[in-house]
Amino acid sequence: MSKFIEQQNWRYATKKFDATKKITAEDLEILKEAIRLSTSSYGLQPYKVFIIENPEIREQLKPASWNQSQIVEASHLIVFANYTNLNETVVDKYISRISKTREIAEENLKGYGDFMKSKILGLTSEQQAVWTSKQTYLALGNLLNAAAELEIDVTPMEGFEPEKYNEILKLSEQNLNASLVATVGYRHEEDANQHVKKVRKSKEELFITL
């Protein structure tokens, strides 16, 4: 069995974290880099990622997270916040970033920039918000896989109230919306979920080859 598959069998949605165990600064940088290097449509990364260590802020967020204990017990709380309304400036900044990184004149990238603008800016605000929110899930996938390699537990959470997160973290005024939450840390020895078998569809039930 490949090491990657072993890691996927090891990970699970941790319900009880050991609050005494903290992620090292070195490992946190690896997780941040994994998120940063994640795939996204056009490579645009239309989101911000908040890493919340402050215990007071996390206590404020707990009631907005259905009072789930992971919010305050995990080593770190990560909030993926998608842009709710994109404009030409977002694309222009990305084109400038490509130009500097790959040493290509910006005028030679104008066609690509115009293409992105035609596809993205033609969406309604609601469609844009749905599209940018989906991108955060791609970043989450990289976080999950990198953390499993380090044997760090991650629990993705949709059980929270985005409007209250937006208010507490002042996201709306930054053109952002709380899309997805992930608690990161180390499983508590009392967390019973680590001892149950993973339940998934069989390959025969899941895959269709045409």
Side-chain angles (χ1 to χ4, degrees), residues 11 13-14 17 22-62 64-66 68 70-87 89-98 100-101 116 120 128-186:
R11 72 149 305 276
T14 306
F17 283 87
K22 301 299 180 183
I23 297 170
T24 66
E26 180 182 13
D27 283 346
L28 181 60
E29 287 304 310
I30 293 173
L31 297 182
K32 289 165 64 176
E33 187 68 355
I35 293 171
R36 190 183 74 86
L37 293 174
S38 173
T39 185
S40 68
S41 293
Y42 305 109
L44 198 58
Q45 297 173 288
Y47 48 77
K48 292 282 189 180
V49 183
F50 292 78
I51 299 173
I52 303 176
E53 300 176 337
N54 187 306
E56 293 181 1
I57 296 176
R58 290 167 67 171
E59 284 290 350
Q60 292 179 54
L61 292 170
K62 185 180 177 183
S65 313
W66 303 355
Q68 296 178 86
Q70 300 100 307
I71 297 296
V72 295
E73 289 178 348
S75 174
H76 289 71
L77 173 65
I78 297 179
V79 179
F80 294 86
N82 62 297
Y83 283 111
T84 55
N85 188 25
L86 300 178
N87 54 38
T89 302
V90 174
V91 177
D92 289 340
K93 285 183 178 179
Y94 178 49
I95 290 297
S96 178
R97 199 178 306 130
I98 296 175
K100 292 177 181 177
T101 302
M116 279 191 287
I120 298 169
Q128 283 189 9
V130 169
W131 179 72
T132 56
S133 178
K134 288 180 178 179
Q135 306 307 306
T136 64
Y137 285 79
L138 297 174
L140 170 69
N142 259 30
L143 169 62
L144 287 168
N145 293 332
E149 183 176 350
L150 298 171
E151 294 196 347
I152 293 173
D153 292 292
V154 178
T155 300
M157 301 172 70
E158 292 183 312
F160 69 99
E161 300 173 50
E163 298 82 5
K164 291 185 178 179
Y165 265 67
N166 294 344
E167 180 183 350
I168 293 168
L169 299 176
K170 297 179 171 56
L171 299 182
S172 297
E173 57 199 61
Q174 302 176 63
N175 189 31
L176 293 168
N177 169 70
S179 170
L180 182 65
V181 171
T183 48
V184 187
Y186 297 94

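Everything numeric here is computed off the predicted structure, so don't read it as measured data.
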Exercise. Do side-chain atoms of Gln135 reach the backbone of Ser40 as a donor and acceptor pair under 3.5 angstrom?
Worked result: no

Exercise. Should we count CD of Glu167 as having more than 12 external heavy atoms under 6.0 Å?
Worked result: no

Exercise. For Asn166 and Ser172, which heavy atoms make the closest approach, and how far apart are they?
Worked result: CB-OG, 3.6 Å

Counting only pairs under 3.5 Å, give me each side-chain donor-acceptor contact of residues 23-31, with atom names and distances, residues two or more places apart or in other chains.
| unit_1 | atom_1 | unit_2 | atom_2 | d |
| --- | --- | --- | --- | --- |
| Thr24 | OG1 | Asp27 | N | 3.1 |
| Glu29 | OE2 | Lys32 | NZ | 3.1 |

Exercise. Are Tyr165 and Val181 close enough, and set up right, to give a side-chain contact (heavy atoms from CB on, under 4.5 Å), and what steps lead you there?
Worked result: CA-CA 10 Å; Tyr165 265 67; Val181 171; 3.6 Å; yes

Exercise. Ile71 versus Phe160: any side-chain heavy-atom pair under 4.5 Å?
Worked result: no

Side-chain atoms of residues 43-53: list all donor-acceptor pairs with protein atoms under 3.5 Å, sequence neighbours left out, distances to 0.1 Å.
| unit_1 | atom_1 | unit_2 | atom_2 | d |
| --- | --- | --- | --- | --- |
| Gln45 | NE2 | Arg36 | O | 2.9 |
| Glu53 | OE2 | His76 | NE2 | 2.8 |

Seminar exercise, completed: Rounding to 0.5 Å, atoms OG1 (Thr14) and CD1 (Ile152) come to a distance of 11.5 Å

For this session: Calculate, to the nearest 0.5 Å, the distance between atoms CG and CG belonging to Asn175 and Asn82 respectively.
Result: 9.0 Å

Exercise. Taking Thr101 for the side chain and Ile98 for the main chain, is one N or O donor matched with an acceptor at less than 3.5 Å?
Worked result: no

Exercise. Are side-chain heavy atoms of Trp66 and Glu161 found at a separation under 4.5 Å?
Worked result: yes

Problem set entry | Closest approach of Thr183 to Ala74 (non-hydrogen atoms, all atoms of both residues) | CB-CB, 3.7 Å

Exercise. Does the Gln68 side chain pair with the main chain of Gly159, one donor and one acceptor, at a distance under 3.5 Å?
Worked result: yes

Problem set entry | Heavy-atom side-chain proximity of Asn177 to Ser133 below 4.5 angstrom | no

Seminar exercise, completed: The reported gap from CG in Leu169 to CD in Gln60 (rounded to nearest 0.5 angstrom) is 8.5 Å

Problem set entry | From CZ (Arg11) to CG (Asp153), nearest 0.5 Å | 8.5 Å

Problem set entry | Interatomic spacing from CD1 in Ile78 to CE in Met157 - rounded to 0.5 Å | 13.0 Å

Problem set entry | side-chain contact (heavy atoms from CB on, under 4.5 Å) between Phe80 and Ile35, intermediate numbers included | CA-CA 10 Å; Phe80 294 86; Ile35 293 171; 4.2 Å; yes

For this session: Specify the closest pair of heavy atoms between Val154 and Ala182, including all atoms of both residues, with the distance to one decimal.
Result: CG1-CB, 4.0 Å

For this session: Return the minimal non-hydrogen interatomic distance between Ala34 and Ala146, and the atom names on each side.
Result: CB-CB, 3.5 Å

Seminar exercise, completed: All heavy atoms of Thr136 vs all of Ser179, minimum pair found to be OG1-OG, 3.0 Å

For this session: Check Tyr186 against Glu151 and note the closest heavy-atom contact, atom names and distance.
Result: CE2-O, 3.6 Å

For this session: State the CD-NZ distance between Glu73 and Lys62, to the nearest 0.5 angstrom.
Result: 7.0 Å

Exercise. Does the side chain of Ile120 reach to within under 4.5 Å of the side chain of Trp131, using non-hydrogen atoms?
Worked result: yes

For this session: With sequence neighbours excluded, give me every ring-ring contact (aromatic ring centres under 6.0 Å, His included) pair touching residues 132-153.
Result: none

